[in-house]
Each structure stands twice: as C-alpha cells, then as structure tokens.
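In what follows, a structure is listed as structure tokens, so that the remarks can point back to it.
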Amino acid sequence: MTGSAGPVAVAQRLRDGMAGGVLSFPLTGFRDDGTLDPDGYRAYVAERLAAAPGAVFPACGTGEFFSLDEDEYRQVVTITVEEAAGRVPVVAGTGYGWAQAVRFARIAEDAGADALLVLPHYLVAAPQDGLVAQLEQITARTPLPLIAYQRGQVAFTADSLRRIAALPNVIGLKDGHSDLDRLQRLTLAAPEDFLFFNGASTAEIQARAYATVGVPAYSSAVHAFAPEIAGAFFTALRDNDHGTVDKLLRDFYVPLVELRDRVPGYAVSLVKAAARLRGHRVGPVRAPLTDPSPADLAALTALLTAGLDLVGASL
C-alpha cells in the first residue's frame, strides 16, 4: 500500500520507475487571487500521471514548496497520493531546518507519501558535519525513506555521502550542482544500491554528461507542461538516437534555457506559464516569484509551439 513500504522496497520501485520514464515534479495550482486551487491541481496532476512518469514529486521546488503552508501542503500531497493510487511512487518535498522538515514529513506520512525529498536547508551555510546531522535528525523522526538534495549551499563530500548512505532510511541523492568530478566521486563512494539522479535545472541539457558518470535518471521540468517533448527526448536518449537528442537540444532545450536565464525565478515561472499556454489550470506563481513579462511570454509561446512541432504535437 502507498506509504507503507520500507526503504528497500521504495528504492526498488523508484529504480524501476527511473528506468522507464522521467521524474515528474508537478506544479502547484493557485487561483488568480493566490489561494490554492485543489480541484485544478487534481486535474493537472492526473494529466501528469497519464503521461507515464517514473515517479511523481509533489510540493518540491517546481511545486513552490517554499510558499505553501502546512494545510496547503497536506492537500497537495494527499491529492497526489489519491491520483497516483499506487501506480508510481509519490515522493513529497520537505525542508527548512530539521524541526520544520519533520513537521512536513509527518504530514506527508499521514497523507500516504512513499518517500521524502529533503530540499536544501534554509539560508545558512553549514559544515559537512552539520549537513549529515540535518539528515540524522530527520531520519530519526520519520519512517519514510529520504532522498537528499544537494544544491546551493548543500554539497556533500564523498565521506559525508558514505555517512548519510549508512543512515537507515536515506536511499538516494538528487544532484543539482552539475559538478561531474564531485558527482563521480560520490557515486564511487556510495553503496551499489544507492539511488542517484540528475536534478539540474532543465536537466535534459546535461543528461548525456550525467549518464557518463553512471547517473542516467533525471527530473524533467518540461514534463510539467510538454510531456510529448519530454517523452521524445527520454526515448531518444535511451535508444542512443543522438540525431534526435541533438535536434531537440538545439531547437528547443537550449533556447528554453536561454529564456529561463533572463530573470531569476523563471525556472518555475516559465514552466507555469507554459502549462497555462497548454490550457492547464495552474494559475500564477506566488511572490517572491513573478510571472513572465509580455515579451518573454510571447517568446515562450513561439518556442513551445516550435518544440511541440518537432515531436508532431501542437499547442
């Protein structure tokens, strides 16, 4: 049953899912007045699940975890678990300091989530002992399996990786640094069954490079608005169809990254705007993020139309 499996079983389900599809990070739906839209979110996440992701990660970075209160978080995770109905693993986000992370972890456990993605802690830099202690504190207070997320101020050494991998519920690492030298050292230091996946922004850009150090799995923000493109890229990469990979990178993903890099926060804002262009009821982003300018929205519309045309789909 969802939420009841142990870490070994959850890790195996995630491993199987990663081999068959991208990891989906759904957007959290808000109404125009900024309040949570549960019905809109339910319809949206059902469509993400219909596109056959390897797993679904609600209330994480793309889902604006940082702007959700605890009741909203509960609703988002509960709806995702209900819609997934055990078909794919549900990995909910948690974060801030460990005490607050545990509060969210308990909500996710009650909602039936299978595991947790521990987002980088709030604000402060910390030494390696502190990064390990953060996970020690969380895993001591929840039975749910944990996936650590290194990004920003969180970057594990090989020794710290060994220490967190030895914790009873820590089953994997999401990498957002794209430092392949460091990542290779981490994969070599980890137990054989430890999970790794590429969590860089617009991860497809670096998917081939990650695969060379033994990390072929990746999260896909594009799956949040264009699963046709995300699926075509995943299939081409899996089948070593480098011509298709190169074409999608050149004509869609690289221009998307260039547009994304114009404004801080566009890694979420553009994704949400693209989902609205596809007719999804996801609403605006919450402050401090801002929705794209009219000029950037026009550029996104043209790029999305061209990207869908590449895979035989339409806006």
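The hydrophobic clustering, which links ILVMFWY residues whose side-chain heavy atoms are closer than 4.5 Å, places L131 and Y122 together. Both L303 and L315 sit in one connected hydrophobic cluster of ILVMFWY residues. Membership requires side-chain heavy atoms under 4.5 Å apart, directly or through other members.
Between F104 and Y96, the ring planes lie tilted relative to each other; the angle falls in the 30° to 60° range. Ring geometry for F252 against F225 counts as tilted: the plane angle lies between 30° and 60°, on a 0 to 90° scale. Using cut-offs of 30° and 60° for the angle between ring planes, the Y41 and Y44 rings count as tilted.
A pairwise comparison of heavy atoms in L249 and P255 identifies O-CD, 3.9 Å as the closest pair. For the residue pair A108 and V77, the shortest heavy atom distance occurs at CA-CG1, 4.3 Å.
No hydrogens or angles considered: a donor-acceptor pair under 3.5 Å links the side chains of R31 and T35. Looking only at atom types and distance, the side chain of S201 has no donor-acceptor partner in the side chain of R260 under 3.5 Å away. A donor-acceptor contact closer than 3.5 angstrom links the side chains of T187 and Q184. Judged purely by distance below 3.5 Å, without hydrogens or angles, the side chains of D159 and T157 never pair a donor atom with an acceptor atom.
A donor-acceptor pair is defined here as one N or O able to donate and one able to accept, closer than 3.5 Å; no such pair exists between the side chain of T139 and the backbone of L135. Panel note: side chain Y218, backbone A211; no donor-acceptor pair is recorded below 3.5 Å.
Here the CZ atom belonging to R163 is positioned 8.5 Å from the CD atom belonging to Q128, to the nearest 0.5 angstrom.
None of D291, T290, D296 except one satisfies the side chain to side chain donor-acceptor pair (under 3.5 Å) rule with Y266; the exception is D296.
With respect to E83 and R48, no salt bridge is recorded, no charged nitrogen being found less than 4.0 Å from a carboxylate O. Salt bridge D110/R106: absent, no basic N to carboxylate O contact under 4.0 Å.
The number of heavy atoms from other shown groups lying within 6.0 Å of CG (D239) is above 12. Within a 6.0 Å radius of CZ in R15, more than 12 heavy atoms belonging to other residues, nucleotides or ligands are found.
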